[in-house]
Amino acid sequence: MKELVMIIRPEKLEDIKKILDEVHCGGMTISTVMGCGTQKGIADETVVNEIKGFKTTINLLPKVRIEVVVHEKKVEPIIASVREICATDHVGDGKIFIRNIEDAVRIRTGERGLKAL
Ligand SMILES: Nc1ncnc2c1ncn2[C@@H]1O[C@H](COP(=O)(O)OP(=O)(O)OP(=O)(O)O)[C@@H](O)[C@H]1O
Ligand SMILES: [Mg+2]
């Protein structure tokens, strides 16, 4: 089992929900977060170039964080679909972190591992 933690632009959330539904992901957890990447929260590439060399403070932009635990065979198809929807060629498209999940428990039934997803 793998967990995908995807931090994306808020306006892409509805499309990502559809993708996750199509791959029968079992469940998902969504939060609204604030964050920044390498541009320290400056959204416009031209502005980034203009301020190059000057000291800037870190700005945080609103993002959506999606956590989903899936069978590892679903990881690459999800990444491909998310990139199709979210890659705009502009900075700030987001990031996907992938981690191993040891076990899971469906609390109601006691099912473990993949059966619990
Ligand atoms: N190394 C990181 N650790 C934790 N969160 C991160 C990291 N990098 C990015 N994020 C989160 O992902 C969001 C989107 O990052 P972003 O797409 O701007 O990454 P980037 O590395 O700057 O890539 P790009 O150059 O395409 O903008 C950030 O607002 C932040 O919430
Ligand atoms: Mg960035």
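Read the numbers this way: they start at 1 and go in the same order the structure lists the ligands and their atoms. This is a predicted model, so every value here is computed, not measured.
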Exercise for the section: Quick one: pull up CG in Asp15 and CZ in Arg9 and give me the separation to the nearest 0.5 Å. Expected result: 13.5 Å
Practice task
Measure across Ile66 and Ile8 and return the closest heavy-atom pair with its distance rounded to 0.1 Å.
Solution key: CD1-CD1, 3.6 Å
Practice task
Give yes or no for whether the N/O distance cutoff of 3.5 Å, strictly under, is met between Met34 and ligand 1.
Solution key: no
Practice task
Check whether any side-chain heavy atom of Lys2 lies under 4.5 Å from a side-chain heavy atom of Ile78, and answer yes or no.
Solution key: no
Fill in the blank from the handout: If we number the atoms of ligand 1 from 1 as shown, the ones under 4.0 Å from a heavy atom of Asp93 are 17 (O)
Practice task
Nearest 0.5 Å please: distance from the OG atom of Ser81 over to the CG atom of Leu20.
Solution key: 9.0 Å
Exercise for the section: Using the rule that two of Ile, Leu, Val, Met, Phe, Trp, Tyr join whenever any of their side-chain heavy atoms come within less than 4.5 Å, decide whether Val23 and Ile79 are in one cluster. Expected result: yes
Handout entry: Nearest-0.5 Å distance that lies between atom NZ in Lys95 and atom NZ in Lys63
Key = 10.5 Å
Problem - Heteroatom distance test (His90, ligand 1): nitrogen or oxygen, under 3.5 angstrom - result: no
Exercise for the section: State, with a plain yes or no, whether a side-chain heavy atom of Val64 is found less than 4.5 Å away from one of Lys12. Expected result: no
Exercise for the section: For atom CZ of Arg106, decide whether the heavy atoms of other residues, nucleotides or ligands shown that lie under 6.0 angstrom number more than 12. Expected result: yes
Handout entry: Identity of the nearest option to atom 27 (O) of ligand 1, non-hydrogen atoms only, from Gly92, Pro62, Gly37
Key = Gly92
Exercise for the section: State yes or no: do Ile96 and Met1 share one hydrophobic cluster built from I, L, V, M, F, W and Y residues joined by side-chain heavy-atom distances below 4.5 Å, directly or via other members? Expected result: no
Handout entry: Numbered atoms of ligand 1 (with element) below 4.0 Å of Thr38, judged on heavy atoms
Key = 20 (P), 21 (O), 22 (O), 25 (O)
Exercise for the section: Report yes if some N/O of Val91 lies less than 3.5 Å from some N/O of ligand 1; otherwise report no. Expected result: no
Problem - Closest protein heavy atom (residue, atom, distance) for atom 25 (O) of ligand 1 - result: Gln39 NE2, 2.9 Å
Problem - Protein contact to atom 10 (N) of ligand 1 [nearest heavy atom, distance to 0.1 Å] - result: Cys36 O, 3.9 Å
Problem - Close-contact set for ligand 1 against Gly94 heavy atoms, below 4.0 Å - result: 14 (C), 17 (O)
Handout entry: Nearest neighbour in protein (non-hydrogen) for atom 2 (C) of ligand 1
Key = Phe97 CZ, 3.7 Å
Handout entry: ligand 1 to Ile7 polar contact by distance, N or O atoms, under 3.5 Å
Key = no
Handout entry: Check: Ile85 and Ile19 side chains under 4.5 Å, non-hydrogen atoms
Key = yes
Handout entry: ILVMFWY cluster, Met28 and Ile98 together (side-chain gap under 4.5 Å)
Key = yes
Problem - Gap between atom CG of Leu4 and atom CZ of Arg99 - 0.5 Å precision - result: 10.5 Å
Handout entry: Protein contact to atom 21 (O) of ligand 1 [nearest heavy atom, distance to 0.1 Å]
Key = Lys95 NZ, 2.7 Å
Problem - Environment of the Mg ion (ligand 2) in terms of protein N/O/S atoms, cut-off under 2.8 Å - result: Gln39 OE1
Fill in the blank from the handout: The protein heavy atom nearest to atom 31 (O) of ligand 1 is Gly35 CA, 3.4 Å
Handout entry: Nitrogen or oxygen atoms of Lys63 and ligand 1 under 3.5 Å apart
Key = no
Exercise for the section: Please verify whether a non-hydrogen atom of Leu61 lies at under 4.0 Å from ligand 1. Expected result: no
Exercise for the section: Could you tell me the separation between the CE atom of Met34 and the CG atom of Leu61, rounded to the nearest 0.5 Å? Expected result: 7.0 Å
